[in-house]
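In what follows, a single structure is set out as C-alpha cells and then discussed.
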2 protein chains.
Amino acid sequence: MAIRAFGALAQDSRLEAFRLLVRAGEEGLPAGEIARALFIPHNTLSSHLSILAQAGLVTSRRDGRSIIYRIDFEGTRTLLAFLIEDCCQGRPDICAPLLACVQPVGCGPANTSDKGVAS
Amino acid sequence: MAIRAFGALAQDSRLEAFRLLVRAGEEGLPAGEIARALFIPHNTLSSHLSILAQAGLVTSRRDGRSIIYRIDFEGTRTLLAFLIEDCCQGRPDICAPLLACVQPVGCGPANTSDKGVAS
DNA sequence: CCAATATGTCGATAAGTCTCGATATATGGA
DNA sequence: TCCATATATCGAGACTTATCGACATATTGG
C-alpha cells in the first residue's frame, strides 16, 4: 500500500538507509554496514529496515552471518507509478515537464541546471 | 523537505484529500467541500490541509468566505523528481521501464496491461 | 559443543500524531 | 452592527512511532 511506503520514507534514518541502498544497487549491503554508515545502533536500524521491507521498498537475503538488504526496484517503481498516475490523472500537460526533465539524460543525475530540487 | 512531504502523504485522509485536489486541478476546491467529500469534520481536515500545505504539496487562497486549496504542482513535481533521482542514481537501465510505462500514454492511467502493480 | 560475530525480537520509556469539542477569526449580507 | 457562514486554532485524550538496553536466534570456525 502506498501509505505504508510513504510512511516508511517519512523518517530520517529510513530515508538515508533507502538512499544508501539505492546507491548500493543490485548487490545490496549487509545490515551492519548500513548501521555503521548511518551511526545507528544495530537494533534500531533493524526495526527501520523491517519497516522498509514491509513497505515493499527493500528485500533481504541471508549471506552467511550477514543479512544483505537490497532495494526492491519493483516496489519502488510501483510507488513512483502511483505518484505519477495520481499526479497526472487526466492532465498529461502538467506531468510532462517532469518527465521531460528526467528522460533526456536517461534517468541520471539529470539536467542539473534548473534544479534547486533535491536536498 | 522530502521527509515532510512523505509524511504528509502517509496518512489516509491526507492522501485522499491530495488525490481529490489532483483531480480538481488548477481550480482547486474549498476546504468545506473536501471535508464533505471525505466525511471528515472540518476542523480535523483543516489540520490535515495545513500539513499538506507545509509540506509544499498544496497551496491555499481565500475566495470570499471560503478558502480554496489547490495542488502545488511545483512542489509535487519536486517530490517526484527527488524520488526519481534517488531511484535512478547512476542506473538509467532500472528507472527506464517506469518512464517507458508512463510516457507512451502521455501520463494517463497508462498501459494497464502489465500492471498488477499499484495496491 | 563453545565462543565469536551478525542480526532480530522484546519491552519500556519518550516523543510524536490523530481526532474532535470548544472557541476564535474572517467575510458577506441585512 | 449583528448574525450566519466558512475556516482556523487550541487543548486534551487516545493512539502510534522511535529509540535503545537486554536477551534471543542463526551462522561460522575451532
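Chain letters run A, B, ... following the sequence lines, proteins first, then strands; residues in each count from 1.
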Of the candidates dA18(D), dT7(C), dT5(C), the side chain of Ile51(A) sits closest to dA18(D)
Atom CZ of Arg4(A) and atom P of dT16(D) are separated, to the nearest Å, by 13 Å
Open item on the list: Looking at Ser66(B), I'd like to know whether one of its side-chain N or O atoms comes within less than 4.0 Å of OP1 or OP2 on dT7(D).
Closed with: yes
Asn43(B) has its side chain closest, among dT7(D), dG21(C), dT27(D), to dG21(C)
- Report yes if a side-chain nitrogen or oxygen of Tyr69(A) is closer than 4.0 Å to either non-bridging phosphate oxygen (OP1 or OP2) of dA6(C); otherwise report no. no
**OP:** Show your reasoning for whether side-chain contact (heavy atoms from CB on, under 4.5 Å) applies to Ile67(B) and Leu49(B).
**Re:** CA-CA 11 Å; Ile67(B) 291 188; Leu49(B) 288 174; over 6 Å; no
Taken to the nearest whole Å, CD1/Ile3(A) to P/dT17(C) is 16 Å
Donor-acceptor contact present, side-chain Arg14(B) to main-chain Glu16(B), <3.5 Å | no
ask   = Does dA18(D) have OP1 or OP2 sitting under 4.0 Å from an N or O in the side chain of Thr44(A)?
value = no
Comparing nearest nucleotides in DNA chain D, the 5'-proximal residue of the pair Ser13(A), Leu49(B) is Leu49(B)
Closest of dT19(D), dA8(D), dG8(C) to the His48(A) side chain is dT19(D)
When rounded to whole Å, the CD to C1' distance for the pair Gln54(A) and dT17(D) reads 13 Å
> Ion pair present between Arg77(A) and Glu74(A), side-chain N to carboxylate O less than 4.0 angstrom?
Replying inline: yes
Rounded to whole Å, CG of Leu45(B) lies from C1' of dT9(D) at a distance of 14 Å
request  = Indicate whether OP1 or OP2 belonging to dT19(C) is found under 4.0 Å from a side-chain N or O atom of Gln11(B).
outcome  = yes
message = Using a 4.0 Å heavy-atom cut-off, does Ser47(B) contact any base of the nucleic acid, only the sugar-phosphate backbone, or nothing at all?
response = base
Closest to the side chain of Arg62(B), out of dT9(D), dG8(C), dA26(C), is dA26(C)
Atom CD1 of Ile67(A) and atom P of dA24(D) are separated, to the nearest Å, by 19 Å
- request: Answer yes or no: is there a donor N or O on one side and an acceptor on the other, between the side chain of Thr76(B) and the main chain of Asp72(B), under 3.5 Å?
  value: yes
*asked:* Need one value for Ser46(B): base, sugar-phosphate or nothing, where a base atom within 4.0 Å counts as base even if backbone is also close, heavy atoms only.
replied: base
Side-chain contact check for His42(A): nearest option of dT7(C), dT19(D), dT9(D) is dT7(C)
Looking only at dT5(C), dC18(C), dG28(C), the nucleotide nearest the Arg65(B) side chain is dG28(C)
Between CZ of Phe39(B) and C1' of dT19(C) the distance, given in whole Å, is 18 Å
If we ignore hydrogens and angles and just use 3.5 Å, is the side chain of Asp63(A) paired with the main-chain N or O of Ser66(A) as donor and acceptor? no
When rounded to whole Å, the CG to P distance for the pair Leu29(B) and dT7(D) reads 11 Å
Testing dC18(C), dT19(D), dT9(D) for proximity to the side chain of Arg14(B), the answer is dC18(C)
Ile40(A) atom CD1 is separated from dG21(D) atom P, nearest whole Å, by 14 Å
Taking for Ile68(A) and for Ala10(B) the nucleotide of DNA chain C with the nearest heavy atom, the one nearer the 5' end belongs to Ile68(A)
Whether Arg70(B) side chain and Val22(B) backbone form a donor-acceptor pair below 3.5 Å: no
